[in-house]
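Chain letters run A, B, ... following the sequence lines, proteins first and then strands; every chain starts at 1.
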Amino acid sequence: VAVPVRQVEDLGEIAPVVHAVDSPWRRRAVWAGVVIAALTLGIMLFSGGFPGSLTVDAAKPFNAFSDWVITHQRTNPLFVNFLVPLKDGINAALDRVVLQLERFTWLGVLGLAVAIAGLLAGWRMAVLTAAGFFALGLLGLWEESLQTLALVLLSVGVALAIGLPLGILAARHPRLESVLRPVLDAMQTIPAFAYLVPLVLLFSIGTTSAMIATVIFSLPPAIRLTSLGIRTVPETSVEVGESFGSTSWQVLRKIQLPLAKPSIMLGVNQTIMMALGIIVIAATVGYPGLGLSVYQALQNLNVGEALAAGLGIVILAIVLDRVTYAWSTRERARRGSKVIRVFGWSVPRRVGWIAAVVVVAAAIVIGRQVLRQELFPTGWTVSIAEPVNRTVDWITQTFGGITGRITDVVVRFALDPLRSLLTGLPWWMVAGGAGLAAWAASRRIGLAIASFLLITAIGVFGMWDIAMDTLSQVIVGVALSVAIAIPLGIWSSQSDRVQRALRPFLDVMQTMPQFVYLVPVIALFAVGRVPGVIAALVYALPPCIRLTDLGIRQVSAEAVEAAVAFGATKRQVLRRVQLPLARPSILLGVNQTIMMVLSVVIIAGLIGGGGLGLEVLRGLNHDPGRGMVAGICILLLAIVIDRTTQAMGQATTRSATPTEHQVGWLFGPSWLRRSTVQVGVSDVSMETGTDTGEEEV
Amino acid sequence: VTRTRTKVGLAILASLAALAASCSSVSSSTPGGGSSGAVPDNSGTTINIAISPWLGSAANVAVAQALLQDKLGYTVKTTAIDEYAQFPPLANGTLDATLEVWPSGHGADYKKYIAGNNGVIDGGLNGVPGQIGWWIPTYMLNDHPELATWEGLKQDAELFKTAESGNAGQILDGAPSFVTYDQPIADNLGLNLKVVYGGSEDAELAALDTAYQKQAPILMYFWTPHWAQQKYDLTQIQLPAVSDQCKQIAATGENADQYNCAYVPDPLYKAFNDQLQTKAPAAFAFLKAFSYTAADQNGIGLDIHDGMKPADAAQKWIDANPTVWQPWVDAGLAAQSS
């Protein structure tokens with residue numbers, strides 16, 4: 001095959017890479033030697049940990065606040081005239097919605113859901129919705145699903161009412177954007193457990209607290225993607241509007257919002273997914289539903305029940321996700337059209353409406369007068385809990401010995417030595433290491449200093465040893481997760497078959513709430529740090545697999561062809577061309593993995609994981625102030641790790657802005673796009689969009 | 001045009017909804033009417049009771065719920081809620097009552113909410129004496145009779161070593177929310193033990209079951225009353241007698257790291273919202289009188305554990321023990337008529 005001359009130029013792209021791989025071994029060895037020597041000296045010459053004399057009691061103000069609330073909540077006008085009526089109003093409203101839905105009877109609700117899905121998103125979606133709701137009934141989760149659905153819709157409504165305007169404002173005022181960004185990070189990083197105590201104090205238990213917790217967690221994507229959408233509207237479009245004398249309000253309404261719509265709709269969709277992901281937390285403040293089923297099953301160690309309820313959440317997620325997605329794409333296509341298409345036939349819109357109303361009316365009447373069943377008939381339900389539990393029992397008995405040995409190995413050779421190292425080093429060495437790593441990754445002195453100070457603050461708050469325990473678990477979890485995810489991602493990038501086979505697993509894995517992962521691992525690995533680490537590493541696999549795959553597949557065909565033309569084998573192409581060029585994407589995947597491992601390691605406090613997560617949980621009961629402080633320390637740790645690893649990905653290429661196509665692929669083509677928006681991709685695009693946000697941490 | 005039509009369609013949907021709403025409820029759960037005398041109609045009043053995440057609590061609430069509905073005619077709502085989150089809603093009336101508070105875990109809450117007159121009142125004891133302690137399976141005493149007291153534990157701590165506890169012996173605790181002084185006790189008594197959290201009561205029980213089958217060593221934070229005390233033969237390790245200092249720590253929750261003796265006995269008590277008596281005098285009098293024995297509670301708990309629904313297990317106990325609950329109902333009826 002003749003090689004076109006043009007490709008010779010492309011060697012410029014490969015040459016430095018090939019060069020870089022070949023030479024630096026000696027330099028790396030020297031660096032490793034320096035680090036080992038420094039660590040050894042640090043442990044030998046200085047006392048480890050953080051000196052008690054430098055700590056402050058940060059819990060005090062929180063506890064003082066809680067005491068104030070307890071003594072004043074029945075007399076203070078803020079409570080009597082505002083918070084209490086607000087809470088009662090929200091609680092009563094949502095109760096009424098659920099009660100009303102139950103009065104429609106199960107058939108009526110089914111009909112209503114189908115009609116709404118059909119009108120908004122087409123008849124295919126109506127069929128999907130019917131199947132999904134019917135499956136929820138069959139699983140015996142009908143009432144729980146209605147309760148969860150009501151809470152999710154309410155929370156999403158509130159989140160959008162706050163998020164869309166804020167997103168628009170943020171797009172227009174970079175200053176606001178740079179203030180919002182750390183706040184949004186905090187909202188998604190501080191484990192919900194940490195703010196449950198103040199929520200319960202202010203709003204008591206029940207719907208209102210559950211809703212606020214859900215809103216806090218699900219708001220960020222609404223803001224981020226609205227802002228991103230508006231900022232990426234081509235400047236020329238805006239200029240055209242302005243040259244015709246449009247006011248800025250008109251530009252916003254007629255040009256920016258319509259053009260930003262795909263991104264905004266992705267934000268809406270993400271908000272729904274996040275809300276469903278956090279629904280288990282709502283159970284801990286006394287809101288019933290699917291979340292409570294998962295939570296109770298977790299406490300009873302009932303894997304089958306937890307899986308069934310988790311499946312219920314996945315089904316709801318799929319239905320909501322596909323319907324909102326289809327709605328957003330259809331809206332564009334059918335503008336002005338008077339017909340809708342049903343399985344290929346064109347039907348006038350009016351007929352569609354009448355049909356929908358008839359279906360709902362008929363369903364309600366049949367449900368009430370003929371079937372007379374408010375809830376899904378219990379005789380039809382199928383229990384998947386039993387067979388699942390039997391399988392798990394069998395697995396536990398068969399592999400119990402092996403898992404025990406795995407636990408031993410991970411604890412003795414990874415977790416314990418690492419924790420001893422981190423707590424044995426003097427604090428300034430650990431914080432300094434964090435600063436150095438940040439500098440090496442970003443070459444920004446500001447980020448380095450900030451990293452040093454934030455890590456030091458953990459010690460000042462009196463959480464040093466506990467945070468080091470958490471950090472050791474995160475490091476081990478990330479190392480294992482990446483060791484599995486990158487080879488899988490590479491394999492997937494080399495074969496479409498593998499990619500297709502992996503996709504459904506990855507999609508479902510990304511929709512399961514974190515809590516569901518904890519259940520099977522306790523059955524297999526008993527309690528302690530290891531089951532938490534294992535749940536975390538499994539939970540964190542999908543984004544890293546996907547981003548590795550994506551990165552490799554995006555390496556330009558010319559670069560690969562050029563290497564092949566020079567006689568490189570497939571292996572060499574992979575090692576010397578594809579992997580180095582895919583590095584930014586893979587590092588973004590690693591960044592995602594770290595944040596996800598951290599989030600699970602925290603909730604693993606529930607199953608004996610110790611560390612900061614346990615501190616937050618204990619705080620709920622015994623010392624709310626300390627729980628809050630532990631939550632803040634988690635945030636500090638997360639910010640440092642996140643910024644450093646993100647900088648690593650960006651330092652190599654500054655043009656990491658993902659295209660719409662990429663974003664779509666990452667989150668799955670049309671459904672189940674979660675978690676990547678959480679920290680990674682949206683941040684990257686925001687950074688490249690406006691450089692103003694970069695100076696602060 | 002399209003938009004108008006959309007609005008019309010929505011209006012039709014809305015009116016349909018209103019129509020369906022105006023119909024009466026299909027199946028309202030009617031109270032199952034007891035044989036003894038007339039049941040007063042209190043169905044307009046809803047009593048909201050907390051269920052803590054353990055079976056004893058579920059047993060209490062199931063019994064109270066059945067009797068409040070069937071004999072006193074109230075509507076009863078239950079809320080499954082962690083211990084930590086019970087006092088704030090009790091104080092503002094979101095919850096009306098909780099039927100089992102372990103005093104050792106809520107010294108600070110008692111001080112703030114009950115003694116401080118902040119919306120919660122002490123509802124009296126529920127009759128069940130609680131005791132937290134350190135327990136081992138009795139079979140361990142065959143080879144290690146010295147384990148009956150904490151001094152013996154000093155030399156035997158290594159028996160309980162696990163990967164998770166490293167060089168120290170492991171003492172297995174339950175949920176992080178349970179009150180525990182285990183680490184201070186171990187440290188202050190010079191025992192080489194390390195607390196590992198199982199995460200929940202059931203995680204502890206799973207570990208106990210595994211150990212029991214293999215007759216393996218296990219040392220755990222546990223308590224009585226508990227149905228498992230009937231299923232497994234457990235021995236409580238004798239810790240130093242409760243000192244005044246320990247009592248002080250248990251009562252206030254302060255200086256927990258100086259705790260160095262056995263857990264103080266826990267007479268379990270009930271707590272109510274302070275408006276309950278005004279809102280529902282009969283329910284208040286009933287709940288105030290509610291009191292039974294550890295055997296009663298364990299029996300119901302074991303039935304629930306073995307797969308019975310809480311309501312059925314409670315009904316079985318109610319049918320068998322009218323002499324125990326009749327006085328509670330009578331107290332309620334007396335308050336109703338006065």
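- The two atoms that bring B:Ala80 and A:Gln296 nearest to each other are CB-NE2, 3.6 Å, heavy atoms only.
- Closest of all the heavy-atom pairs between B:Ala91 and A:Arg74 is O-CD, 3.8 Å.
- For the pair B:Thr79/A:Ile205, a side-chain contact is recorded, criterion being any heavy-atom separation below 4.5 Å from C-beta on.
- Heavy-atom distances place no part of A:Phe79 under 4.5 Å from chain B, backbone and side chain included.
- Across every non-hydrogen atom of B:Pro89 and A:Val200, the tightest pair is CD-CG1, 4.3 Å.
- Residue contact with chain A, scored on non-hydrogen atoms closer than 4.5 Å, is absent for B:Asp173.
- Residue A:Arg529 touches chain B through both its backbone and its side chain, counting heavy-atom pairs closer than 4.5 Å.
- The shortest side-chain heavy-atom distance between A:Thr71 and B:Lys112 does not fall under the 4.5 Å cut-off.
- When heavy atoms are compared at a cutoff of 4.5 Å, B:Leu90 does not approach chain A at all.
- Neither the backbone nor the side chain of A:Val410 comes within less than 4.5 Å of any heavy atom in chain B.
- Your options are A:Ser209, A:Ala604, A:Ser204, and the one with the most heavy-atom pairs under 4.5 Å with chain B is A:Ser204.
- For the pair B:Asn118 and A:His72, the minimum side-chain heavy-atom distance is 4.5 Å or more.
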A:Tyr295 vs B:Asp82, test: side chain to side chain contact (heavy atoms under 4.5 Å, CB included). Steps then yes/no. CA-CA 11 Å; A:Tyr295 191 64; B:Asp82 273 1; 3.1 Å; yes
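- Considering CG of B:Asn92 and CZ of A:Phe203, their distance stands at 11.5 Å, rounded to 0.5 Å.
- Interface residue B:Leu95: only side-chain heavy atoms are found under 4.5 Å from chain A.
- Here the OH atom belonging to B:Tyr113 is positioned 3.5 Å from the CD1 atom belonging to A:Ile70, to the nearest 0.5 angstrom.
- By the 6.0 Å contact criterion, CD on B:Gln183 is enclosed, its count of non-hydrogen atoms from other residues, nucleotides or ligands being greater than 12.
- Residue contact with chain B, scored on non-hydrogen atoms closer than 4.5 Å, is absent for A:Arg96.
- Contact of B:Ala108 with chain A is not made at all, since no heavy-atom distance falls under 4.5 Å.
- Between B:Lys111 and A:Asp67, none of the side-chain N atoms (NZ, or NE/NH1/NH2) sits under 4.0 Å from a carboxylate O, so this pair counts as no salt bridge.
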